[in-house]
Asker: 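One structure follows; several queries about it will come next.
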Amino acid sequence: LSMSPGLKSFLSLKIAQNEGATNILILSPFPSAKSSFIEIAETHKDFEGWKYTDGKDLKNDTSFNGLHNIVFCSFQMFDDEKDKIKNLLSNVKFDFIIIDEMHNTSDSFRSSKILENFSNVKQLFISGTPFNDIESGSFTKDSTVELGFIDLMAEDKKSHQVGFPD
């Protein structure tokens, strides 16, 4: 997906939800990318009842909802916080993974090794700037959805709303 950060976060969480996801893991190379996910997960009515957990706040004994978890982790945590990650993965069966800023991770050996642990889990790769990965053949046109500013303006005009839905 190619679009603004807040809308990108909202749409990726909605796609996961529409795919029937109940436990969503968000992976990003940038811990600072979490702010737009936090805002949506904690304030949007569509995610009421979901538990948002920031990976940096994980403890070795963090407990989770039986269903409806959204967990944000940086790829670095898989190296630096192995015990916390082990607890997380033993307590939550993720059924959907959002890989944010994929243009910074799609060809990384470390990210590939991490994603091997989730080979049977639906994965959504998102980016505001996916062009290099599309051009290199990492993603085909058939597996890519692009949504730009003009698309958003047309949708806003049609729905009479600005930004993402309430």
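Predicted model, so just to flag it, every value in this text is computed and none were measured. By convention here, the first residue in the shown sequence is residue 1.
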Asker: What are the two closest non-hydrogen atoms of I85 and M77, and how far apart are they?
Answerer: CG1-O, 3.6 Å
Asker: Where does the angle between the aromatic ring planes of F78 and F118 fall among parallel (under 30°), tilted (30 to 60°) and perpendicular (over 60°)?
Answerer: perpendicular
Asker: Give the C-alpha distance, both sets of side-chain angles, the deciding distance and a yes or no for side chain to side chain contact (heavy atoms under 4.5 Å, CB included) between S74 and D80.
Answerer: CA-CA 10 Å; S74 67; D80 301 340; over 6 Å; no
Asker: Any carboxylate oxygen within less than 4.0 angstrom of a Lys/Arg side-chain nitrogen, looking at D54 and K34?
Answerer: yes
Asker: Report the distance from atom CG of D100 to atom CG of L27, rounding to the nearest 0.5 Å.
Answerer: 9.5 Å
Asker: Quick one: sort the F10 and H44 rings into parallel, tilted or perpendicular, breaks at 30° and 60°.
Answerer: tilted
Asker: Quick check: closest heavy atoms across A21 and W50, and the distance to 0.1 Å?
Answerer: O-CH2, 3.3 Å
Asker: Calculate, to the nearest 0.5 Å, the distance between atoms CD1 and CD belonging to I98 and Q123 respectively.
Answerer: 11.5 Å
Asker: Between the side chains of D83 and N87, does any donor sit under 3.5 Å from an acceptor?
Answerer: no
Asker: Does one side chain, of D95 or N23, offer a donor that lies under 3.5 Å from an acceptor on the other?
Answerer: no
Asker: Please report the shortest heavy-atom distance between G55 and C73, naming the atom on each side.
Answerer: CA-SG, 4.2 Å
Asker: If you measure from OG on S28 to CZ on F37, what distance do you get to the nearest 0.5 Å?
Answerer: 7.5 Å
Asker: Under the side chain to side chain contact (heavy atoms under 4.5 Å, CB included) criterion, do L25 and F72 qualify, and how do the steps go?
Answerer: CA-CA 6 Å; L25 176 62; F72 182 96; over 6 Å; no
Asker: Between I70 and I26, is the side chain to side chain contact (heavy atoms under 4.5 Å, CB included) condition met? List the steps.
Answerer: CA-CA 7 Å; I70 299 172; I26 303 164; 3.6 Å; yes
Asker: Nearest 0.5 angstrom please: F75 CZ to I99 CD1, how far?
Answerer: 6.5 Å
Asker: In Å and rounded to the nearest 0.5 Å, what is the CD1 to CD distance from I114 to Q76?
Answerer: 8.5 Å
Asker: Within this structure, what is the NZ-CG distance for the pair K113 and D79, rounded to the nearest 0.5 Å?
Answerer: 13.0 Å
Asker: Would you say the side-chain atoms of Q17 pair up with the backbone N or O of D46, donor to acceptor, closer than 3.5 Å?
Answerer: yes
Asker: For F96 and T22, what are the C-alpha separation, side-chain angles and deciding distance, and is it a side chain to side chain contact (heavy atoms under 4.5 Å, CB included)?
Answerer: CA-CA 8 Å; F96 202 95; T22 56; over 6 Å; no
Asker: Taking the side chain as every heavy atom from C-beta outward, state whether I97 and I24 have any pair of such atoms under 4.5 Å apart.
Answerer: no
Asker: Is K45 paired with E48 through a side-chain N to carboxylate O contact shorter than 4.0 Å?
Answerer: no
Asker: For residues Y52 and I40, determine if any side-chain heavy atom of one lies less than 4.5 Å from a side-chain heavy atom of the other.
Answerer: no
Asker: Can you tell me if K51 uses its side chain to pair, donor with acceptor, with the backbone of N69 under 3.5 Å?
Answerer: no
Asker: Within the structure provided, determine whether K14 and F47 are in side-chain contact (heavy-atom separation under 4.5 Å).
Answerer: yes
